[in-house]
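Reading through the structure tokens given below for one structure.
For the numbers below, each heavy atom of this structure counts, side chains included, while hydrogens, waters and symmetry mates do not.
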Amino acid sequence: METLRILHTNDLHSHFEHFPKIGRYLKKAQADTSVDEVYTFDAGDFMDRSHPLTDATEGQANIKLMNGFNYDAITIGNNEGISNPHWVLERLFDHAHFPVVLANLREEDESMPNWALGHKIIKTKKNTRIALIGLTAAYPMTYGPNHWHVKMLGHAMDQQLAQIKDKYDVLILITHVGLKMDRWLAKNYPQIDLIVGGHSHDLLPHGEKVEHTWVTQTGKWGNYVGDIHVELENHHVTKIVPDTIPTASMPAEPEDEAVIQGYYDKGQKLLSEHKVAKLPEKFNDDKIAAVQVSLDAIADFAKTDLAILSSGLFLTPFKGGVLTQYDLQKALPHPMHVVRSTLKGSDLWRLVMEIEKNRHYLDHFHLQGMSFRGKIFGQMYYKGIKVDTRKRIVYANGHEIDPEAEYQIACLDNYVLVPFFPTLAIVGENEFLFPQVLREVVGNYLAKIYPLSSRSEVNDRKK
């Protein structure tokens, strides 16, 4: 008999407050001599640009810390693949001490990224061949504008299975596709023994068996670590026992708080060194002023006259005086992208009616996911649009909407994906604009409208 211990994480999202405990747990478990072998995997979304240190180092701080976790293989999530510009992802793993398995992402010329493997076969000390295949969520709408070709899961699986036929004894998938798609994979590919998953933030305390395949996931943010016991006979799996360990149950050390605060302080210092603009006093503690200038910013970026934004995006107001990258990151931590949506006048009217219908409901609606890093959705604000709610008339640029005319409006990917404004997703011709995220779009606009006055300040911004 052969025994394995498989440790796994997913959706850490730069929650560095858990990293000291996780690191100690993994190190101790990796030294376990009661089993024949220990392997450690991560299923993606390990970085999140809402943390100052991740943002300031473009994820390199995450890679350095993950090197200390001694992963045997990882895959990427949408936060690595979509929130990062193409060139950032290209060099993200330059200093990684672990392989990245990712079968369904290609460069625009259809070549494999030079930092990824479609699959990897590892051999245990007892000569069991374990095949690893990595998959990430297939989002063509957002990977395409970021100059990647993402492949559908079935296509990628068929291709990889053909390549590894008769070359493995055990098949493990490391996926960032969500529980629903993990179940689909398990049902359609019975040769899979184990799926180490992520993306949907589901906590499966003791895994879930889907026909012949075990599916595992540890929730989000490093709140749990997965710990799986595997038994094999004659190189084939006979038993899998998944478990999850609450990070809160792991012992703390006296220096943990200082280490965790140090991660934040370092990121804050690095971002604060980069000055963006010099704002007038009207921005002091005035969130609406921040919303209005940001509406101008996304409209300018998308080259539209019309725009919409919600106040819940702004976690803090801007401030008068010198605005730094840290100030922007603190106010707008969301890794969202601007979308230019083209709508017929009748559809634009319908969109505005959807906004007005949901206005009071959304004002205090607690929202999670869809790249939103705030707490509540908030109030919707318009640029170039006015509404006579009593008469149900919508005006664009001072004129009543022409039902047959074509209009373009700047919005965010979040509004296309959430269900509150279905018109955008159903009939909008939506162009996702890359690579800048929302705060970069706003920062670039502020730098143009309220430039830094001295040469030294301008040089600081260009660093």
Side-chain angles (χ1 to χ4, degrees), residues 4-33 35 37-48 51 53-54 57-77 79-80 89 92-102 115-117 120 122 130 132 134 136 172-176 194 196-199 201 203 216-230 242-253 255-260 262-264 266-267:
L4 306 177
R5 187 174 180 181
I6 295 177
L7 309 168
H8 60 102
T9 54
N10 62 268
D11 295 277
L12 294 173
H13 282 276
S14 294
H15 274 259
F16 296 137
E17 69 271 18
H18 294 317
F19 275 38
K21 286 184 174 182
I22 291 173
R24 289 191 295 269
Y25 183 87
L26 294 178
K27 185 176 182 179
K28 182 178 179 181
Q30 287 160 354
D32 184 2
T33 56
V35 295
E37 215 121 16
V38 181
Y39 296 105
T40 309
F41 305 127
D42 181 79
D45 269 9
F46 56 82
M47 67 174 285
D48 195 313
H51 193 287
L53 185 58
T54 298
T57 65
E58 295 176 335
Q60 291 302 315
N62 298 67
I63 298 299
K64 184 176 181 180
L65 290 169
M66 290 173 69
N67 282 339
F69 289 175
N70 295 314
Y71 287 107
D72 291 283
I74 74 159
T75 197
I76 71 164
N79 268 269
E80 290 81 50
L89 182 56
L92 180 61
F93 300 103
D94 285 356
H95 306 291
H97 298 168
F98 45 80
V100 180
V101 286
L102 183 59
W115 44 268
L117 303 169
K120 181 177 176 62
I122 53 180
I130 302 175
L132 305 173
T136 197
I172 298 176
L173 265 58
I174 308 175
T175 69
H176 192 86
L194 172 66
V196 173
H199 185 50
H201 296 183
L203 174 62
T216 62
Q217 196 175 153
T218 65
K220 62 180 180 180
W221 300 351
N223 291 329
Y224 293 81
V225 172
D227 201 333
I228 306 168
H229 177 78
V230 181
D243 196 9
T244 51
I245 312 301
T247 307
S249 70
M250 301 173 189
E253 295 290 343
E255 67 273 15
D256 285 356
E257 287 189 17
V259 170
I260 294 161
Y263 296 146
Y264 190 93
K266 183 177 180 181

### Asp256/Lys21 ion pair, N-O < 4.0 Å
no

ask   = So, does Glu80 use its side chain to make a donor-acceptor pair with the main chain of Met47 at under 3.5 Å?
value = yes

Residues Thr216 and Pro242: closest non-hydrogen pair is CG2-CB, 3.7 Å

request  = Please tell me if the side chains of Leu102 and Thr136 come closer than 4.5 Å, counting only heavy atoms from C-beta onward.
outcome  = yes

Margin query: Is there a ring-ring contact (aromatic ring centres under 6.0 Å, His included) between Phe69 and Phe98? Walk through the geometry before answering.
Written below: CA-CA 10 Å; Phe69 289 175; Phe98 45 80; 9.8 Å; no

- Leu132 and Ile122: side-chain contact (heavy atoms from CB on, under 4.5 Å), yes or no, with the steps? CA-CA 8 Å; Leu132 305 173; Ile122 53 180; 4.2 Å; yes

Sorted by chain and number, sequence neighbours left out, side-chain contact (heavy atoms from CB on, under 4.5 Å) with Gln30 holds for Leu7, Leu26, Val38, Thr40, Asn70

query: Ignoring hydrogens and geometry, is there a side-chain-to-backbone donor-acceptor pair from Asn10 to Gly222 under 3.5 Å?
result: no

Item to complete: Compute whether any side-chain donor of one residue and acceptor of the other, for Asp45 and His176, lie under 3.5 angstrom apart.
Response: yes

* Could you tell me whether the side chain of Asn67 and the main chain of His97 form a donor-acceptor pair under 3.5 Å? => yes

CZ of Arg5 to CD of Glu37, rounded to nearest 0.5 Å, is 14.0 Å

For Gln217 and His201 the tightest heavy-atom approach is OE1-N, 2.9 Å

Ignoring hydrogens and angles, tell me if any N or O in the side chain of Asp11 forms a donor-acceptor pair with the backbone of His199 under 3.5 Å.
yes

(request) Indicate yes or no: at least one non-hydrogen side-chain atom of Phe46 is less than 4.5 angstrom from one of Ile63. (result) yes

With sequence neighbours left out, the residues meeting side-chain contact (heavy atoms from CB on, under 4.5 Å) with Asn223 are His18, Lys220, Trp221

Taken in chain and number order and not counting sequence neighbours, the residues that satisfy ring-ring contact (aromatic ring centres under 6.0 Å, His included) with His51 are Phe16, Tyr264

**Prompt:** Checking side-chain contact (heavy atoms from CB on, under 4.5 Å) for the pair Ile130/Tyr39: CA distance, chi angles, key distance, verdict?
**Reply:** CA-CA 11 Å; Ile130 302 175; Tyr39 296 105; 3.9 Å; yes

Practice task
Report yes if the side chains of Tyr263 and Leu65 come closer than 4.5 Å at any heavy-atom pair, otherwise no.
Solution key: yes

Taken to the nearest 0.5 Å, the spacing of Gln60 CD from Leu53 CG works out to 11.0 Å

So CZ of Phe41 and OG1 of Thr175: to nearest 0.5 Å the spacing works out to 12.5 Å

Margin query: With no hydrogens and no angle check, just 3.5 Å: does a side-chain donor-acceptor pair link Asn62 and Ser14?
Written below: yes

Heavy-atom nearest pair, Ala43 first then Gly198, reads CB-N, 4.0 Å

request  = Report yes if the side chains of Asp48 and His15 come closer than 4.5 Å at any heavy-atom pair, otherwise no.
outcome  = no

Could you walk me through whether His8 and Asp42 satisfy the side-chain contact (heavy atoms from CB on, under 4.5 Å) test, starting with their C-alpha distance in whole Å, then the side-chain angles of each, then the deciding distance to 0.1 Å, before giving a yes or no? CA-CA 6 Å; His8 60 102; Asp42 181 79; over 6 Å; no

Open item on the list: The test is side-chain contact (heavy atoms from CB on, under 4.5 Å); show your working for Trp115 and Asp94 and say whether it passes.
Closed with: CA-CA 8 Å; Trp115 44 268; Asp94 285 356; over 6 Å; no

(message) When you measure from the side chain of Glu58 to the backbone of Leu92, do you find a donor-acceptor pair of N or O atoms at a distance under 3.5 Å?
(response) no

One should read off an interatomic distance between Thr75 OG1 and Leu173 CG, to the nearest 0.5 angstrom, of 9.5 Å

Rounded to the nearest 0.5 angstrom, the CD1-CD1 distance for Ile76 and Ile174 is 13.0 Å

Asp243 and Ile245 have their tightest heavy-atom pair at OD2-CD1, 3.8 Å

CD1 of Ile228 to CG of Leu194, rounded to nearest 0.5 Å, is 4.5 Å

- prompt: How about Tyr25 and Thr247: does a side-chain donor come under 3.5 Å of a side-chain acceptor?
  reply: no

